[in-house]
Colleague: 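Dropping a structure here in structure tokens format, bear with me for questions.
Just so you know, these numbers use all the heavy atoms, side chains as well, and skip hydrogens, waters and symmetry mates. Letters go in sequence order (proteins before strands), and every chain restarts at 1.
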Protein chains: 2
Amino acid sequence: MPVNSFDNYPMSWKPDKNALKRPYYQSIASLLEHDIKNGFLASGTKLPPQRELADFLDLNFTTITRAYKICEERGLIYAITGSGTFVAPNASRSITISKDKTASLIELGLVSSFEQTNALVKDSIQQVVNKSYFEQLLDYNDPTGIPHQKAAALNWMESFGIHTDQEHLAIVSGAQNALAIALTALFEPGNRIATDLYTYSNFIELSKMFRIQLVPITGDEFGMLPGELDKQCNKVNIHGIFLMPSCNNPTTIMMSDFRKREIAEVIRKHRLILIEEEIHAFMTAGIVSDYQQPMFNLLPEQTIYICCTSKSICSGLRIGYIVYGKAFCEKILQSIFNINVKTSSFNAEIITELILSGKAHEIVLLKKQLVQTANDIYFNNFPFDKNVGHPLSFYRWLPIQRHSDALELETDLQKLGIRAFHSDRFLSGQTPQDKYLRIALSSTNSLDELKVGLRILNEYLN
Amino acid sequence: MPVNSFDNYPMSWKPDKNALKRPYYQSIASLLEHDIKNGFLASGTKLPPQRELADFLDLNFTTITRAYKICEERGLIYAITGSGTFVAPNASRSITISKDKTASLIELGLVSSFEQTNALVKDSIQQVVNKSYFEQLLDYNDPTGIPHQKAAALNWMESFGIHTDQEHLAIVSGAQNALAIALTALFEPGNRIATDLYTYSNFIELSKMFRIQLVPITGDEFGMLPGELDKQCNKVNIHGIFLMPSCNNPTTIMMSDFRKREIAEVIRKHRLILIEEEIHAFMTAGIVSDYQQPMFNLLPEQTIYICCTSKSICSGLRIGYIVYGKAFCEKILQSIFNINVKTSSFNAEIITELILSGKAHEIVLLKKQLVQTANDIYFNNFPFDKNVGHPLSFYRWLPIQRHSDALELETDLQKLGIRAFHSDRFLSGQTPQDKYLRIALSSTNSLDELKVGLRILNEYLN
DNA sequence: CTATTTGTCCGTGAACATTTC
DNA sequence: GGAAATGTTCACGGACAAATA
């Protein structure tokens with residue numbers, strides 16, 4: 001019997017005692033999930049401490065621990081020792097970003113890749129179809145890529161500073177697919193991965209799906225803070241870290257070379273597996289003066305480096321490269337076979353042809369011009385923070401005051417005919433004060449449409 | 001203190017007491033995993049009962065329960081209440097089947113799809129490249145497939161008896177990819193899925209990777225036994241069932257229509273999610289007289305139907321169709337976005353063009369002739385059980401005596417220049433007495449090579 | 001058919017670590 | 001800087017269920 005009556009005691013969540021069935025911990029978890037998903041408990045709400053709820057329900061407190069744990073694994077809540085347990089941001093809805101088929105909105109949400117350049121691909125496909133070995137591009141051979149395709153891939157990545165050989169490379173179906181492969185190959189449910197506080201929302205969802213816990217690490221203008229990472233590693237058992245050093249998505253922050261070395265030191269010390277995704281390397285290497293090298297070079301044995309040709313060459317062919325240390329080889333290959341069997345050699349050959357013929361470089365040049373203009377248009381509308389983040393990013397990170405409710409803001413914008421995403425979608429952990437909008441610059445049908453979209457946005461925010 | 005000295009007592013596994021560290025359960029699990037993976041404990045070995053090992057180690061028996069549970073989740077062991085705990089078949093090695101790049105063996109292992117027909121695809125690619133809307137095949141739009149592509153897919157599956165609409169269909173990257181999507185979308189680590197005792201080995205590996213437990217159900221010549229399924233469902237909490245009714249891989253068993261209805265009844269009763277993979281529907285519908293319909297028709301609301309064009313049309317384009325009940329829609333789409341983002345519309349368009357132009361039917365006709373001849377060649381060499389299983393299967397299931405050690409047999413065959421797989425690879429549960437070889441008939445470079453391979457095999461086995 | 005063997009499930013309590021005040 | 005609040009970890013034991021002898 002509980003000693004006190006809790007009727008007058010403030011408790012943010014009071015499950016119905018009569019609804020409890022055995023096993024209690026599952027029953028409690030279900031009730032909590034229900035109440036969160038149905039909006040009775042808002043993001044950020046502090047739940048009753050384990051011992052208090054246990055008292056209320058007349059159970060041992062570790063039974064509550066287990067109930068909370070289930071919900072935490074589902075990404076619904078998060079707990080901080082000493083502080084309490086809270087409802088997670090994005091708990092009640094999926095934040096996966098994908099193309100919205102309905103409505104003819106001006107797309108500033110999903111980051112595409114200036115699809116205007118796709119016409120340039122046609123010739124290369126023609127070349128591939130006419131190749132003497134065309135039929136061999138349509139079978140089950142070479143599941144990680146045909147040697148000459150891998151050679152072209154190495155050639156392509158050489159300019160970003162990647163030096164490795166064909167044994168440590170596989171061709172997969174895009175960056176997202178590479179992440180799914182890396183996560184299933186190298187992590188288990190319950191494992192923890194450190195990420196920037198704001199990170200790629202599809203990575204957040206992917207982790208949730210595979211029951212991998214994200215540990216948010218704060219950062220500054222040069223990227224993630226090594227001290228914070230070290231602190232968290234000492235506190236809990238962290239297995240990996242996910243970074244986008246050449247241009248964080250969504251914040252556009254580029255990690256300085258000095259910071260890369262500091263972070264690499266912490267990663268080495270704690271033997272983390274580094275997943276390094278370089279969506280913007282082709283827009284960084286040789287352009288941004290501070291860019292020296294990928295972190296893969298600093299930690300070649302413990303890094304999975306992901307390079308995707310979707311943003312740089314052609315998104316619709318779904319080709320990405322995954323580079324890994326020797327220790328990961330077997331597990332990665334296993335996972336590729338399990339998830340894809342293989343990526344089409346035909347598609348890989350088209351990308352290969354584009355690279356070898358020089359067409360890929362032409363496309364990149366064109367995209368550079370487009371992204372330069374798009375950024376100019378953006379800064380005409382929002383002339384703040386011009387020196388923050390990557391100068392040629394495909395998207396921008398706009399601080400906003402007011403408009404704090406994420407869903408409301410996004411819905412408002414849709415009513416005005418534009419789609420853009422609130423910063424809450426990209427949160428890997430607790431909610432900070434500052435709010436932002438991620439504005440994709442590369443997804444409108446034309447630069448004129450981008451102008452219109454940004455003007456509407458500007459008017460709305462003022 | 002343990003009461004007895006176990007030094008003289010027969011215990012199949014005695015972990016080193018001094019090697020134990022806290023937490024004990026993890027330490028024990030690691031030791032056990034090590035000893036299994038290094039071959040100190042052979043498949044099928046009975047481990048000490050929980051209470052006995054606990055006594056030996058001077059621990060509570062539930063601590064052993066937890067250690068065993070970890071290894072069971074990793075697919076290393078399996079436990080039967082009342083009987084004991086045993087080392088799993090295939091515990092010490094991966095059984096994923098993929099193309100072996102090394103050595104020029106005669107391929108009777110991996111099931112390809114008579115790749116001789118791939119030349120016929122060329123014209124259709126040409127057609128696609130010349131289409132007016134070619135550029136729109138290279139962007140992020142329509143992540144589940146462009147409407148007319150879906151219409152063609154429905155058209156294609158109509159002949160197998162699938163009647164549904166575009167809302168319940170998505171285009172993915174092959175059957176294996178579809179399975180990965182279905183498993184991650186609809187199941188959680190720890191869930192159980194019923195399968196035939198012998199089932200698709202890559203499905204076994206995929207389940208292992210996602211920590212999903214397989215529950216083997218025995219069957220007869222008409223397929224899985226409904227009584228056995230019902231019994232297992234009553235015993236443990238089973239969430240789903242995986243079936244290949246039109247032609248089981250590897251046994252070639254076709255489920256009779258009567259049996260489909262019986263099994264469907266059990267599935268409905270226990271509210272299982274049915275994953276139905278139809279690799280051979282195009283070789284069954286309209287050819288085999290008993291074929292009436294897929295099980296999807298019997299359970300449209302709780303089935304995931306997977307149809308792959310790799311075997312029937314062209315493997316190298318990696319296109320599969322996934323059909324699902326309304327309740328699964330959201331989760332399946334979410335998983336597609338997370339794992340693939342999308343499947344290339346360009347590849348999907350080529351398959352669409354093949355279907356709409358009638359080329360696909362030509363290819364199927366050609367494959368039918370090839371598979372007929374291949375089966376004739378097989379039965380010339382092994383004139384037994386001619387009426388067992390699917391008459392036009394791409395592979396056959398050959399009973400073998402002696403040669404019981406799987407690895408040894410496969411290695412022996414490789415030395416003779418052929419690759420084929422022992423039945424142990426396809427086992428989802430405990431090891432039965434009977435042994436088989438799965439012989440792929442569709443993967444050699446020519447039918448002549450198949451003849452040579454089967455002759456060598458025949459000589460070896462006699 | 002009953003007793004025994006064996007695995008499963010789940011609530012408990014002690015020891016501990018971190019954060020907050 | 002120490003006490004209180006709060007979450008984490010893990011070994012334990014009782015009740016139960018299934019298979020076997």
Side-chain angles (χ1 to χ4, degrees), chain A residues 9 11-13 20-30 32 46-73 77-88 190 192 213 215 228 231-238 430, chain B residues 11-13 20-30 46-73 77-88 190 192 213 215 228 230-238 429-430:
Chain A
Y9 201 89
M11 219 166 38
S12 58
W13 185 59
L20 277 198
K21 293 194 242 358
R22 289 182 78 112
Y24 297 133
Y25 74 102
Q26 281 184 6
S27 188
I28 295 166
S30 300
L32 184 52
K46 184 176 189 301
L47 293 171
Q50 296 174 354
R51 285 167 178 82
E52 205 164 306
L53 186 57
D55 235 22
F56 173 70
L57 295 173
D58 208 6
L59 294 169
N60 182 282
F61 76 96
T62 57
T63 303
I64 312 296
T65 309
R66 284 170 73 180
Y68 278 6
K69 183 60 85 192
I70 289 174
C71 291
E72 183 165 15
E73 280 173 8
I77 61 178
Y78 61 95
I80 301 172
T81 304
S83 307
T85 306
F86 306 85
V87 179
R192 293 192 189 85
Q213 311 293 311
V215 181
E228 287 296 310
K231 207 174 84 184
Q232 289 295 325
C233 286
N234 286 325
K235 200 157 70 175
V236 293
N237 186 12
I238 295 182
Q430 60 223 87
Chain B
M11 221 168 34
S12 58
W13 184 59
L20 278 199
K21 291 195 248 351
R22 286 182 81 110
Y24 296 133
Y25 74 103
Q26 280 184 7
S27 187
I28 295 166
S30 300
K46 184 176 189 301
L47 293 172
Q50 296 174 354
R51 286 168 178 82
E52 203 164 311
L53 186 56
D55 233 22
F56 173 69
L57 295 173
D58 208 6
L59 294 169
N60 182 282
F61 77 96
T62 58
T63 303
I64 311 297
T65 309
R66 285 172 70 183
Y68 278 7
K69 183 60 83 192
I70 289 175
C71 290
E72 183 164 13
E73 279 172 8
I77 62 179
Y78 61 94
I80 301 172
T81 303
S83 308
T85 307
F86 306 85
V87 178
R192 294 191 188 84
Q213 311 293 310
V215 181
E228 287 297 310
D230 189 51
K231 206 174 83 185
Q232 289 296 325
C233 286
N234 286 325
K235 201 158 69 177
V236 293
N237 185 12
I238 295 182
Q430 60 224 84

Colleague: Whole angstroms only, please: what is the CD1-C1' distance between A:Ile64 and D:dT9?
Modeller: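 The distance from CD1 of A:Ile64 to C1' of D:dT9 comes to 17 Å, rounded to the nearest Å.
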Colleague: Would you indicate, yes or no, if D:dT8 has its OP1 or OP2 atom less than 4.0 angstrom from a side-chain nitrogen or oxygen of A:Gln50?
Modeller: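 Result: yes.
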Colleague: Return the nearest nucleotide to the side chain of B:Thr63; candidates are D:dT6, D:dA11, C:dA15.
Modeller: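 Among the listed nucleotides, the one closest to the side chain of B:Thr63 is D:dA11.
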Colleague: Scan A:Thr62 against the nucleic acid and name what it touches under 4.0 Å (heavy atoms): base, sugar-phosphate only, or nothing.
Modeller: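 Counting heavy atoms under 4.0 Å across all strands, the contact made by A:Thr62 includes a base.
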Colleague: Between A:Gln26 and A:Gln232, who's closer to the 5' end of DNA chain C by nearest nucleotide?
Modeller: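 The answer here is A:Gln26.
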Colleague: Between the main-chain N or O of B:Asp230 and the side-chain N or O of B:Asn234, is there a donor-acceptor pair closer than 3.5 Å?
Modeller: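 Answer holds: yes.
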Colleague: Would you find a donor on one side and an acceptor on the other, under 3.5 Å apart, between the side chain of A:Ser12 and the backbone of A:Lys46?
Modeller: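 Between the backbone of A:Lys46 and the side chain of A:Ser12 there is a qualifying donor-acceptor contact (under 3.5 Å).
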Colleague: Taking CZ from B:Arg51 and P from D:dC12, how many angstroms apart are they, rounded to a whole number?
Modeller: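 These atoms are roughly 14 Å apart.
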Colleague: Is the shortest side-chain N/O distance from B:Tyr25 to OP1 or OP2 of D:dC10 below 4.0 Å?
Modeller: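 Looking at the OP1 and OP2 atoms of D:dC10, one of them is under 4.0 Å from a side-chain N or O of B:Tyr25.
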Colleague: State the CZ-OG1 distance between A:Arg51 and A:Thr62, to the nearest 0.5 angstrom.
Modeller: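 Reported value, rounded in 0.5 Å steps: 9.5 Å.
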Colleague: For C:dA17, does OP1 or OP2 lie under 4.0 Å from any side-chain N or O of A:Thr81?
Modeller: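 A:Thr81 to C:dA17 OP1/OP2: no side-chain N or O under 4.0 Å.
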Colleague: Let me know the distance between CG of A:Asn237 and P of C:dT18, rounded to the nearest Å.
Modeller: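 Atom-to-atom, A:Asn237 to C:dT18, this comes out as 13 Å.
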Colleague: Mind checking B:Thr65 for me? I need base, sugar-phosphate or nothing, with any heavy atom below 4.0 Å counting as a touch.
Modeller: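 Since a base atom lies under 4.0 Å of B:Thr65, the category is base.
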Colleague: Does A:Asn60 make a side-chain N or O approach to OP1 or OP2 of C:dG11 shorter than 4.0 Å?
Modeller: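 Result: no.
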Colleague: Atom OH of A:Tyr24 to atom P of C:dT12: distance rounded to whole Å?
Modeller: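 Distance check: A:Tyr24 OH to C:dT12 P gives 8 Å.
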Colleague: Which whole-number value in Å describes the distance from A:Met11 CE to D:dA5 C1'?
Modeller: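 From A:Met11 CE to D:dA5 C1': 16 Å.
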Colleague: Take the protein atom NZ of A:Lys69 and the nucleotide atom P of C:dC10, then report the distance between them rounded to whole Å.
Modeller: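 Taking atom P of C:dC10 as the reference, NZ of A:Lys69 is at 18 Å.
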Colleague: To the nearest Å, how far apart are B:Phe61 CZ and C:dG7 P?
Modeller: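 Computing the B:Phe61:CZ to C:dG7:P distance gives 10 Å.
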Colleague: Counting heavy atoms from C-beta on, name the nucleotide in D:dA11, C:dC10, D:dT8 closest to the side chain of A:Pro23.
Modeller: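 Looking only at heavy atoms from C-beta outward on A:Pro23, the closest nucleotide is C:dC10.
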Colleague: Report yes if some heavy atom in the side chain of B:Trp13 is under 4.5 Å from a heavy atom in the side chain of B:Leu53; otherwise report no.
Modeller: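 SC-SC contact between B:Trp13 and B:Leu53 confirmed.
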Colleague: Just wondering, do A:Leu32 and A:Leu47 contact through their side chains at under 4.5 Å, heavy atoms?
Modeller: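 Side-chain contact under 4.5 Å: yes.
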Colleague: Using whole Å, report how far OH of A:Tyr78 lies from P of D:dT8.
Modeller: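 Taking OH of A:Tyr78 and P of D:dT8, I get 13 Å after rounding.
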Colleague: Counting side-chain heavy atoms from CB outward, which of C:dG11, D:dT8, C:dT19 is closest to A:Arg66?
Modeller: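 Nearest to the side-chain atoms of A:Arg66, counting from C-beta on, is C:dG11.
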Colleague: Would one find a side-chain N or O of B:Thr85 under 4.0 angstrom from OP1 or OP2 of C:dG7?
Modeller: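 For C:dG7, OP1 or OP2 has a side-chain N or O of B:Thr85 closer than 4.0 Å.
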